[in-house]
Amino acid sequence: MLFNSSEFIFVFLPFAVLLHFALARWSVTAAVSATTLTSLLFYAWWNPPYVLLPVLSIAGNFLIAHAMRAASESTTRRLLVIGIVANLAVLGWFKYGDFVLSIVEGRKPGSPDVPLALSFTTFVQIAFLVDVWRRRGAVNFPLYAMFVAFFPHLIAGPIVRWDELGPQLRDRARYRVDWNNIALGLTIFCLGLAKKVLIADSLSPHVGPVFDAAARGEALTAAAAWGAAYAYTAQLYFDFSGYSDMAVGLGLLFNLRLPINFAAPLRATSIIDLWRRWHISLSRFLRDFVYVPLGGAAGGPARRTINLFLTMVLGGLWHGANWTFVLWGAFHGILLAVNHVWRQWRGRRTPTQAARFAGWCATFTAFVIGMVLFRAADLSAATTMFQAMAGLGGAPRAEAMNVAWDSWGMRVGLIPEDFVRTWIGANWSVVGSLWTAAALAIILFVPDTMELTNYREGEPHSDWRRNVMWRPSPVWIAGLLVLFGVAYANLLRITEFLYYQF
Amino acid sequence: MLHPRTFAFALLAGAFGLLTATMTINYTLDPQYVFGTPLTHLDENANYRFHRVREYQAQRDKVDGLLFASSRGRAFDADLVARKIGAGTVAKFDVTAGMITDHLPALEYVLRDKASRGEKIRAALLLLDIDTFGKLPATNVNIDSFLPPELSGEHTARFWWRYLTVFQLRMWRGIIAHRWRGGEQATATKPWPIDGRHLATAGFGGPVLRRAAPDALLLANDSPQVKLLVNTRPNLAAHLALVARFVALCRENGIQLTVATTPMRADRSFLYDPADLRDVVERLSRVAPFWDFTAPPWLATDIGYWDDSSHFTPTVAEMMLNRIAGSNAPGNFGTLRRARAEASR
């Protein structure tokens with residue numbers, strides 16, 4: 001079941017929320033257990049037999065955590081290692097088995113059938129085991145099961161921590177209806193839904209033909225390659241941040257505050273800043289569980305560079321078993337290293353407006369280039385895209401077009417046909433360029449959901465917002481209903497969230 | 001400032017009001033004619049995938065022949081098809097924008113149904129459209145193209161939920177406007193907005209119609225303009241595999257299968273690269289022998305044989321059936337194609 005489906009919005013969600021609070025009046029454990037079960041039902045909607053995987057995983061991790069509490073220091077450490085290895089082994093089996101075999105056999109990796117949510121629940125549970133190892137606190141099974149299975153974050157994050165959700169789950173006051181949170185949650189959910197359905201899904205049909213053509217090895221124009229790269233960047237941002245907004249909104253309906261995942265990352269003026277604002281919950285996991293254990297910045301600049309690089313490569317690989325993701329991670333590792341060197345050389349001088357603008361241009365362009373690796377089907381397709389972006393695509397004049405977006409404009413003379421055939425090519429369009437420009441303008445100039453609603457939860461660096469603008473007012477009701485209505489009108493074209501594949 | 005509870009209730013009331021209104025309108029107007037309400041009837045917006053299954057179910061005990069086609073198959077008379085392919089009663093599965101992705105589930109369903117009743121299908125005619133073969137199918141994409149639960153395997157509640165809750169303002173407006181005017185058919189309405197990936201080729205830039213003789217309209221313009229659209233065929237290999245599966249199923253069940261391609265009017269075939277069309281024909285012939293009904297110029301350019309740019313008339317359908325049955329048919333129309341390996345066997 002998807003957040004952007006009518007059965008979720010009108011049937012599952014009201015049922016789950018009402019059941020939770022109705023049972024909470026009677027017993028907190030009953031409410032927690034019921035929400036865990038509805039969350040597993042939510043998961044099973046996708047593929048019922050696969051629900052066994054999170055069930056077994058939750059039970060297994062809980063048993064390990066339970067054993068760790070009572071064990072001696074050395075045994076606890078061994079149990080922690082066993083738990084982490086077991087979690088990673090399951091992830092590796094499903095996600096990286098074919099990739100490793102492909103390296104051994106010298107062939108192209110296939111597309112493994114990875115169980116939904118596996119990548120996210122693996123990280124959530126590893127973080128939990130480490131937390132138990134550090135604190136040795138008591139863990140209650142129903143609370144733990146809900147912590148992992150809670151459907152708002154189950155499929156694609158945010159990657160929650162036990163130390164931020166556990167205390168909330170234990171707080172009995174949170175099992176009473178809080179209309180402030182419900183009003184705010186509905187608002188954030190509507191805004192996220194609109195981002196996903198109205199913007200991300202509108203960009204998707206423009207992005208696909210160009211990357212598909214690259215995968216077929218067809219020559220592309222520079223405009224098509226750059227256009228699709230920008231469009232995909234915007235699509236991914238609106239898709240994933242829309243999903244994350246919906247998750248936060250859903251959490252609030254249950255009186256739970258989930259951490260934010262995005263803090264207007266595409267306005268960042270450096271790549272370091274960008275990674276503090278993009279997929280924040282993954283960044284902090286990688287920082288705390290990969291970068292810091294590797295030594296972090298403790299060993300000096302050279303060691304930090306190596307650690308950063310390794311962390312980002314692993315982060316890339318987490319997104320998928322494909323060399324494109326490995327290269328994407330490595331690319332960002334290099335960018336971060338360069339950024340650190342630059343900062344060291346520059347010192348603590350306050351940048352001028354012009355320097356900030358230059359920083360934004362460089363950061364954004366580098367990120368867009370990286371997105372080509374992220375979206376391309378394989379390295380060959382990525383190479384085709386990069387060649388085209390460098391003006392070396394060698395695309396001939398398009399005699400036949402593969403997309404029809406400009407046909408009306410050409411017919412009525414608004415769009416010069418010769419310009420399209422020569423400069424845009426068969427797979428991109430002027431209409432696609434305009435949509436992309438509009439989406440980028442929204443990214444840059446319209447306040448973000450969390451900025452609008454003043455929702456602050458998670459990392460300190462996500463506290464960057466300006467003014468509180470949201471109020472429970474009639475104007476907001478009207479605006480949200482219009483947004484919801486337009487999104488609802490487009491719900492038949494249900495598309496999965498891009499991050500479901502990871 | 002409102003109280004948060006008022007704010008939340010107002011939002012929920014708006015959302016659920018929208019849902020209730022949508023469900024009421026969909027049930028009342030029934031744009032895809034799935035609820036069987038009296039305001040609508042089987043017109044071009046109906047879900048033919050749903051209706052053809054219901055029609056089959058209504059006469060399932062008599063059916064021993066099958067016709068699978070896109071909407072082009074509507075030119076075929078079921079009784080005539082039955083006579084020509086050697087069946088008693090033919091059930092038609094001619095569905096809007098139908099492709100092998102629709103035909104194979106329908107065949108599988110009929111075979112399951114017949115097997116459960118201890119009955120058999122004797123013959124089948126499979127019509128494929130070369131222009132759309134291998135492209136992204138409409139199956140389960142547009143609101144008028146969802147397979148019924150018997151074919152798709154999805155839960156019945158999901159199927160009905162979708163038709164109750166889909167927001168289709170243009171359809172509603174069209175139907176109401178047409179009823180208001182006292183029209184019999186809601187043909188002015190367009191189907192549910194089609195996903196950009198499924199856009200059909202736009203029909204401009206091709207030959208122009210002109211009246212060449214008092215009783216004939218010919219497609220003129222001998223200097224072809226540049227083609228605007230040639231969609232790629234991302235699913236060609238997958239669709240060929242589905243055809244192979246279709247052929248194998250017929251063979252396993254002792255069904256006399258005839259495969260044929262449908263003819264295209266000149267202005268439609270103009271939009272396609274001839275080499276691309278030849279390639280599809282060639283690859284299809286490697287999967288199964290089939291009757292290639294590529295329209296010869298006398299047919300492709302005479303508008304008298306066409307209802308519109310895509311659909312031919314019953315006269316053409318009859319010519320095709322005659323050719324398949326081996327009786328008289330105009331020259332150059334219909335060639336039995338089989339791959340060399342197949343022919344030598």
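Numbered from 1 within each chain, the chains take letters A, B, ... in sequence-line order.
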Within the 6.0 Å centroid threshold, strictly below: A/W470 and B/F7: yes
Closest approach of B/P4 to A/A183 (non-hydrogen atoms, all atoms of both residues): O-CB, 3.7 Å
Heavy atoms from other residues, nucleotides or ligands near CH2 of A/W423 exceed 12 (cutoff 6.0 Å): no
B/F9 and A/W179 aromatic ring geometry - parallel, tilted or perpendicular at 30°/60° bounds: tilted
Interatomic spacing from OG in A/S6 to CZ in B/F167 - rounded to 0.5 Å: 13.0 Å
Interatomic spacing from NE2 in B/H155 to CH2 in A/W45 - rounded to 0.5 Å: 8.0 Å
Interface moiety of A/V11 toward chain B, non-hydrogen atoms closer than 4.5 Å: side chain
Neighbour count >12 (heavy atoms, 6.0 Å) for atom CZ, A/R25: no
Side-chain heavy-atom pair B/L2, A/I477 within 4.5 angstrom cut-off: yes
Proximal component of A/P474, with respect to chain B [non-hydrogen, under 4.5 Å]: both
Side chain / backbone / both / neither for B/F16 at chain A, heavy atoms under 4.5 Å: both
More than 12 heavy atoms from other groups under 6.0 Å of CH2 on A/W435: no
Within-4.5 Å side-chain heavy-atom neighbours: A/P472 and B/H3: no
Top of A/N180, A/V177, A/T187 for chain B proximity - count of heavy-atom pairs under 4.5 angstrom: A/N180
Working for side chain to side chain contact (heavy atoms under 4.5 Å, CB included), residues A/Y488 and B/T22: CA-CA 10 Å; A/Y488 176 77; B/T22 303; 3.6 Å; yes
Residue pair B/L18 / A/F484, side-chain heavy-atom distance below 4.5 Å: yes
Among A/A478, A/S473, A/G485, residue most engaged with chain B (heavy-atom pairs, under 4.5 Å): A/S473
Nearest heavy atoms of B/A15 and A/L481, plus distance in Å: N-CD2, 3.9 Å
